[in-house]
Each structure stands twice: as structure tokens, then as C-alpha cells.
Amino acid sequence: MFQGLQLDPTVLPDSVHALRREVREFVEAELQASEASDDYLRNSDFNTGTSVEFTKKLAAKGWVGMTWPKAYGGGDRSFLERYVVTEEILAAGAPVSAHWIADRQSGPLFLKFGSEAQKQFYLPKIIKAECFFSIGMSEPDSGSDLASIKTNAKKVDGGWLLNGSKIWTSGAHMNHYMITLVRTEPQSDNRHAGLSQFIVDLSDTNVTISSIQNLSGDRGFNQVFFDDVFIPDEAVVGEPGNGWQQVMSELGYERSGPERFLSAFRVLVEFIRLVESNPSEAQLTLIGKLTAHLVTLRRMSISVAAMLESGKLPTVESALVKDLGNSYERLVPELIRQAAPMQKTERFVDTLNQCILHAPAFTLRGGTREILRGVIARGLGLR
Ligand SMILES: Cc1cc2nc3c(=O)[nH]c(=O)nc-3n(C[C@H](O)[C@H](O)[C@H](O)COP(=O)(O)OP(=O)(O)OC[C@H]3O[C@@H](n4cnc5c(N)ncnc54)[C@H](O)[C@@H]3O)c2cc1C
């Protein structure tokens, strides 16, 4: 496990350090500009902010689809370079939601399983920030137990007729397409057989999108209904019936990145700002502990990026990073809330309050703690 561990960040190639500086300067400039105008960057912490304008600027820099082949307009750059870009934009609290899913997992899914026509059609559009994707896995009665999904499709001439519903679908109200896991054969003894992945055009008139409000008052996720939606054969990703294997491969990308432990990073930054002129012993100790924990998580996450780079499928390692990372980001606002001084800045209170309202989602989205621990236990041969 964790082969190719990059324990010492100084072993990263020079190009990565130069890139980090470039991204940091770019985001800082954007942050300053936005503070002077509509404030879109500062309001976008906890991986939830969306700004198509910001995504387009990142795309123009070549930082969307940056690891994908040049043949499709990608940058052909390394996973470690992508890691640096994602880390810098998340640490700054930049609004990344528009392109996040397409860049992180839909594009890689097409590259691995998609047809040549799908690669040529979708990848250049994602890279230019012209098309955004949602993930359609969870259903009202199927979340952790994904193999029990009921959304189904029947074969018709030239395609499939899709019926059913997906829930908690992040960004479906803003995105163009959703990669949707669908039952295309009745459930058999092999629960993982007979599932397929479809590209659903979210502007289809037989698709209904109904927003759901979360605890913080945002409306970032939705329930999506399919009523006889026609899916042409060309919009099936990979082989019909191979959906389970494809989804498992996709989750490797979904679970290991810095978004799994940086969601509460802005709270730590604002806490340090708040106490830096006169910290107590206890506050210094807390900052030290949280920073040490962060550095360890980061090294584990970088090692997963190195494994992806070498073509491995780090399912167990990704689950481990997500479980430890999510536990950490739940702890940060709680410990900082207890350690904060009586006198607080408005900015600190704002950041902390928003984080507390978003924090319950950290350990749910992308797979719950209990499910990840099952993956880890099975991977280690403990179950
Ligand atoms: C902010 C946010 C965004 C999301 N975005 C998306 C999205 O874009 N697309 C999408 O498809 N989904 C999305 N989800 C859904 C998410 O993936 C599910 O909420 C998650 O997988 C859990 O499923 P569930 O809500 O049905 O809970 P359930 O599966 O019903 O679980 C309820 C509880 O039971 C526990 N549990 C379940 N099974 C077991 C078991 N076998 N052993 C031990 N404990 C168990 C769980 O850990 C959990 O604590 C999002 C969720 C959130 C919070």
C-alpha cells in the first residue's frame, strides 16, 4: 500500500513548484479583484462555490483537463501537476464546482471506457469549460447500497427508454449532462451485473430537476426525475452491463483528492489570522496539531496521485484518505470553535458558521464513513 509515497515534497519536480507559484499568484489576484467587486471567491468555501467565469479563466490557463491527451485538447501533464493546481485553488476557497466533477471523474471515465466519438465530442468541450457534468448514482432508496438502484432502462430501436429518479445530484440544475447509473437488466443473484452508465442530457424535456435546500440554506443538490427519456445507443458509456466496474473505477478518482481534507482549511486560516498577534499556549498547540495532521493527510493524498500517475487503481488507499480526511475536516471547526477567543472578527465568525453548517455533508458525499471503512477492511483482508 502507498507505493511511490512522496514523503518529501522536495522530491516533486521543479516544474511543479513553478506551477504552484503561478497558480497561487493567479488565485490571489482573482481573490483581490473579486473582493473589490462581487465577492464571489470569498463566498465559495467548503468546495461548494460555483462561478462559470472563474472556471473559464482556469480553463484558459490550461488547468481543466490538464492530464488528458493533447489529441483531445488536454495538457498531457502529470497527476502531480494537477494535484498542485487543485490544492492551491481549494486552499484559497475558490469556486470550483462548475468544472469539478467533469475534470475529476467524467473526463477520466470517458478516457478509460468511452467511445472515440464520445472522447472527441465531450473532452474538448470540458477542457474549454463549455460543458459541465453531474454524477447520477444515489436514489431515494439507494445510497450506500448502490447495487440496489431501481432507475431502469428498456431497450428500444436505436437506444433505451429511461425511467426513475436520482437524488442528491450536485449541480444538476446548472450542468449540461449527467453520467447516470442505470439498471439495464433485471437484478439477478449477481447484484453487480446488469448495470450501465448513460450520458443523460439534462436539458431533455422528459427530465425534471427539482432543487433541494441543504442545512446552510444553499440549493446545490437536486432530485432528478426521468420520464421515458430516450437515450441513444451512442450515449451509453462503455459496454452495457459493465456499469458497476466503471463506477468503482470512477470512485478511485472521486475519493482521494485534496477536497477530501481541505474543506475546513479556510477556518484554520481565519483562526490563525485571529490569534496570531497574541496566541495562548493551547491555541498554539491546536494549530500545531491540526497542521501536523494536515501535512500527513496531504502526503497520503499525494501518494495516491502518484499511484494514479503510474496507472494503478488505488481503491483502498483512496478510501483511507477520504475516511481520515473527512474525520479531520469534521474535527477542525469543532476544535477551533472551542479554542476561539471571546473577541472575534466578523470574517472568522462567518467562515466558522458556514463551515459548521456544511460539515455534516463532508462525511456523506462520495461515500459515508461506514462504507469506506468496509472497503478498507475488505482491502486489508480483515473481512
Ligand atoms: C453534499 C452532498 C452532495 C452529494 N452529491 C451527490 C451527487 O452529486 N451524486 C450522487 O449520486 N450522490 C450524491 N450525494 C449522495 C451521497 O453519495 C449519499 O448521501 C451517500 O452515498 C449515502 O447514501 P444515503 O444518503 O442514501 O444514506 P444511506 O445509505 O441510507 O446510509 C444511512 C446511514 O447508514 C449507514 N450505512 C448504510 N449501509 C451500511 C452498512 N452496510 N454498514 C454500516 N453502515 C451502513 C451509512 O453509513 C449512513 O450513516 C451527495 C450527498 C451530499 C451530502
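Remember, it's 1-based here, ligands and their atoms both numbered in the order they're listed. This chain uses plain numbering: 1 for the first residue, then up along the sequence.
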Exercise. Does a side-chain N-to-carboxylate-O contact under 4.0 Å join Glu270 and Arg266?
Worked result: yes
Exercise. If you measure from the Lys or Arg side-chain nitrogens to the Asp or Glu carboxylate oxygens, is any gap between Glu370 and Arg373 under 4.0 Å?
Worked result: no
Problem set entry | Within the protein, residues bringing a heavy atom under 4.0 Å of ligand 1, chain by chain | Ile135, Met137, Ser138, Gly143, Ser144, Trp168, Thr169, Ser170, Phe221, Ala361, Leu364, Arg365, Gly366, Thr368, Glu370, Ile371
Exercise. When the ring planes of Phe110 and Tyr122 are compared, do they come out parallel, tilted or perpendicular, using 30° and 60° as the limits?
Worked result: parallel
Exercise. In terms of ring plane angle, is the pair Tyr328 and His293 parallel, tilted or perpendicular, where the classes change at 30° and 60°?
Worked result: tilted
Problem set entry | Glu116 and Gln120: side chain donor to acceptor below 3.5 Å | yes
Problem set entry | Counterpart residues, salt bridge (charged side-chain N to carboxylate O under 4.0 Å, His left out), relative to Arg21 (two or more places apart) | none
